[in-house]
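A short worksheet on the structure shown next.
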Amino acid sequence: MADTLPKGYEPHGVEARWRKHWEENKTFTPDPDAPGEAYSIVIPPPNVTGALHMGHALNLTLIDVLCRHARQKGKNVLWVPGTDHAGIATQNVVERALAKEGKTRQDLGREAFVERVWAWRADYGHRILEQISAMGASVDWTRLRFTMDEGLSAAVRKVFVQLYNEGLIYRGDYIINWCSRCHTALADDEVEHQQERGRLWKVRYNLADGSGAVTIATTRPETIPGDTAICVHPEDERYAGLVGKTALVPVLGREIPIIADSYVDREFGTGALKVTPCHDHNDWMLGKTHQLEFVQVIDENGVMKAEAGPYAGLTKAQCREKIVADIEAAGQLAGVEELEHAVGHCYRCHTVVEPHVSTQWFVAATKLAPAARKAVPELTKIFPETWLKTYYHWLDNIRDWCISRQIWWGHRIPAWTCDACGELVVAESAPAACPKCGAAALSQEEDVLDTWFSSALWPFSTMGWPQETRELHRWYPTSVLVTGFDILFFWVARMMMMGLHFMGKPPFRHVYLHALVRDATGRKMSKSTGNVINPLEMIDKYGCDALRFTLTAFAAMGRDIRLAEERIEGYRHFVNKLWNAARFALMNLPETAPAPVAPESAPGLHHQWLLHRLETVKDEMDRAFEEYRFNDAAQLGYKFLWNEFCDWYLELIKPDMQCEDANRKAHAQYVLWLALREILVLLHPIMPFVTAEIWAALPQPAGQNATDLAAEPWPAPRPACLRPEEARRMECVQGVIVAVRTIKAELGISPSHKVGLLLHPVDAAQAALLEENRQCLLTLARLENLTVDAAAHAPKASASAVVEGCQVIVPLKGAVDLNGELARLDKELTKLEKDLVATNKKLNNESFVSRAPAQVVDRERQNAARLLDAKSKMSALRARFAEALAEE
């Protein structure tokens, strides 16, 4: 039957065919009313602007592994796909396209610009979905969602209005993070802090009474025009007599108070802090506490305002340069120090973020956070648990969440202001008239909501909320969320808050946070570094299954993946190994499925051993999948297929397939067929395409026409096949074969060269075992003759090993050309000695050791150790050969 599978596995046609089959047959579209335990996962929605990267590939692979395995276990599985509208990112993409036409969004106007974005999404938004499909993701495409679709938009409006009515959303003036490039506010966790080289300027502020000066230290002298106080620690004796006095802002001469607050770090800088409430988050709080004046001197474009006096109209950078020069000219610059400090950047465009005071909308996250904190781990468990501390720390120190964004693409805030009386109306739909004065003219809020606001509703909005849908009733809360640890704050914690508040239950029972995919040296992948591995290119070169298996095999919980293309290529060999094993099986199987027999009754120790190992691997892989030990599951499957099934069992059954005993052959065919079927089921969650293709080629049991492996259940246990004692006996036979192969390798004897073997068994039972498997030993160890006798004479010149007490003895006489080998070894030893002398000469040279780079010296030491070890082994081998020659 081998002609049912081509000689070589070509993944591209196979993958396209199975993707089409699964989508057309709605294989992964579950019925809410179907039996089975509910199991659901929502996809972390990729940006509609996005392209598949290796992080996506890892995430999709791990989720798909869980979903396919859950279906095998009889669960009713829903995996919801979808994309995020990615407000800032998508607007930036479309604005760049407009710029090439010489236009801005303002040229188009809001309505036309939003239409342009929708048109862009229609043209390009499908790309990421096609790439998700290319990864073999078993999502339910009939339930595809988008954060701006009609249903999710209705959910967003309902949530906003309800939170506003409950006092959990409010509008007010507050200091926020402002990106002057994207022209929008950013939440705290959308600011990326990067270590940069900077300077610390020490500036003298003269006291207003002329009695002296206070020196402050600042990294941002351009904000000096916005200073409204100097703050010192109340217990700092250096400044005890100054609290209550006033000082003059350099250059501007404005008088500001000197105040005391325990917030000040006495050890940083000079211990005196300039307070600029409008341009620093901590200063904002000091300003509120001490009722200071609030002076904003930098506008939304990063340009100095009129309040900056002589610096008005300058950019921040220009102001910094000029004010430092003016302070120095006035004799008030006390010093400058170089330093490393963290600088906040916009997570989208990487512009330096400016603290900025403006009117924004906020979610009272401080009130929602306690419930989200308490739910973990009582209701929701996080894996690995090492992230619990981070989760708690963020919620314990959370600030209210700024949700308004000054862009046009997104969910427009459902709030209207009456043009006549100024009444604010928050509603799910546009009001016909002002409820206060009856005027018809109302203006809607210009801002849109933070993208993460709609994403926070994803687990229940994708299932039809606020409608009471069958999906919501069946699959909420979801079973597990699989996502990267880097969005624990952006997304996971916010989904917890919203799910608990609106559904009364957390949105997921488990959260599995996977690590990053890095390059082979541990560096983060980035285009600028040039170390990015494109998953689509890897699929094109090696097939999807090879990429998926690689990612799964290295997905150890809590540990970053170090990925190299060579590893993906290596697992392509594993895919080929499975394919070739299936071809061998099909060549030795009948056209129809072998007649069923009790597998535990199959004659032959090798059958009992394989069936025992199959049972243990089934159980171990099942538990590994359930416990998110993806790498363990992959390695178990790899070892069983490659080492045990292919390298051992397929060799062990060749005599069975060639024998004339019909009963023996029938049993062997059935065990082979059964084992291959179950191996395919076990590996299917990780490698869906190649396993599905082989499964379709296997002869099916009588009366069964099912050829789609995706619908096949996890193999039922067969307790009668668990025979640890039989497995141990087989492992003893294998140990003898491995010992002979190792001896051959150490002596330089070709693996195919037949040698004599003498076995000294430890007892009669072991002797009987070895005799029963004489043919197996002769064939797999490539033996010329075999003697099993504890009393048999062992020649003096021989190589030996011990396996479970049994002495394994290979006589050297006749095994090798002793004269030729001695000549070769003498030549090799001479060269080794010469290299060792040269290396030791370097290491004994004090000048070399002291002056050469440490890594060079270390490399030479490692080389000396290697040469010494090789010399020792080669000398021992030469002595053994010389002894054998003397015996002749």
Side-chain angles (χ1 to χ4, degrees), residues 1-2 4-5 577-621 636-637 639-684 691 694-695 697-702 704 709 712-734 737 769 772-773 775-777 779-780:
M1 284 187 63
T4 60
L5 288 179
K577 190 81 169 178
L578 174 60
W579 186 262
N580 291 333
R583 280 178 52 79
F584 172 85
L586 289 170
M587 281 191 290
N588 289 280
L589 290 175
E591 292 290 331
T592 58
V597 296
E600 64 274 13
S601 67
L605 188 61
H606 54 301
H607 297 313
Q608 304 308 317
W609 162 76
L610 182 83
L611 290 166
H612 170 83
R613 287 294 302 131
L614 181 58
E615 286 305 297
T616 58
V617 168
K618 277 159 51 176
D619 180 61
E620 289 169 355
M621 285 187 71
L636 284 162
K639 180 183 176 184
F640 183 70
L641 173 72
W642 193 299
N643 298 348
E644 298 174 288
F645 185 72
C646 293
D647 288 358
W648 284 104
Y649 186 68
L650 295 187
E651 294 299 320
L652 289 165
I653 64 168
K654 285 178 180 178
D656 296 336
M657 297 304 176
Q658 296 163 3
C659 76
E660 296 180 1
D661 184 337
N663 182 60
R664 176 182 167 190
K665 185 174 182 178
H667 272 85
Q669 286 180 324
Y670 184 75
V671 174
L672 173 63
W673 175 81
L674 182 69
L676 180 57
R677 281 174 58 90
E678 296 202 348
I679 286 170
L680 294 174
V681 178
L682 267 56
L683 290 173
H684 179 73
T691 52
I694 295 171
W695 179 271
L698 281 180
Q700 296 296 322
Q704 292 187 23
L709 179 55
E712 189 70 14
W714 188 260
R718 284 187 296 273
C721 288
L722 282 169
R723 296 188 173 184
E725 180 56 29
E726 296 300 294
R728 190 199 64 75
R729 296 175 71 231
M730 184 66 210
E731 286 162 6
C732 178
V733 176
Q734 290 172 306
I737 295 168
L769 170 66
E772 288 167 13
N773 291 276
Q775 189 58 50
C776 170
L777 290 166
T779 304
L780 271 64

Looking at [Y], is its backbone amide N or carbonyl O close enough to the side chain of [X] to form a donor-acceptor pair, meaning the two atoms are under 3.5 Å apart?
X	Y	value
R583	L5	yes
W673	P590	no
K618	A716	yes

Check whether any side-chain heavy atom of [X] lies under 4.5 Å from a side-chain heavy atom of [Y], and answer yes or no.
X	Y	result
T616	R613	yes
L722	H612	yes
T779	P655	no
I737	C776	yes
L676	F584	no
V733	L780	no
E678	L611	no

Supply the atom-to-atom distance [X] [atom1] to [Y] [atom2], rounded to the nearest 0.5 angstrom.
X	Y	atom1	atom2	result
N588	Q658	CG	CD	8.0 Å
L610	I679	CG	CD1	7.0 Å
L674	R718	CG	CZ	4.5 Å
W579	I694	CH2	CD1	6.0 Å
C732	W609	SG	CH2	14.0 Å
L614	D619	CG	CG	11.5 Å

Charged N to carboxylate O below 4.0 Å: is that the case for R728 and E725?
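Salt bridge between R728 and E725, a charged N being under 4.0 Å from a carboxylate O: yes.
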For K639, is there an ion pair with E620 - N to carboxylate O distance below 4.0 angstrom?
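Between K639 and E620 there is no salt bridge, as every charged N stays at least 4.0 Å from the carboxylate O atoms.
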Where [X] and [Y] come nearest, the two heavy atoms and their spacing:
X	Y	answer
C646	A581	SG-CB, 3.6 Å
D661	N663	OD1-N, 3.0 Å
V681	P715	CG1-CD, 3.6 Å
L682	V617	CD2-CG1, 3.9 Å
F645	A675	CE1-CB, 4.0 Å
L650	K654	O-CG, 3.3 Å

Please report the C-alpha distance between I653 and V671 in whole Å, then the side-chain angles of each, then the deciding distance to 0.1 Å, and finally whether the side chain to side chain contact (heavy atoms under 4.5 Å, CB included) criterion is met.
CA-CA 10 Å; I653 64 168; V671 174; over 6 Å; no
Are L652 and H607 close enough, and set up right, to give a side chain to side chain contact (heavy atoms under 4.5 Å, CB included), and what steps lead you there?
CA-CA 9 Å; L652 289 165; H607 297 313; over 6 Å; no
Check step by step if side chain to side chain contact (heavy atoms under 4.5 Å, CB included) holds for E712 and R677.
CA-CA 10 Å; E712 189 70 14; R677 281 174 58 90; 3.7 Å; yes
Could you walk me through whether M657 and Q669 pass the side chain to side chain contact (heavy atoms under 4.5 Å, CB included) test, one step at a time?
CA-CA 8 Å; M657 297 304 176; Q669 286 180 324; 3.9 Å; yes
Parallel, tilted or perpendicular: which fits the ring planes of Y649 and H606, with parallel below 30° and perpendicular above 60°?
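Ring orientation of Y649 relative to H606: tilted.
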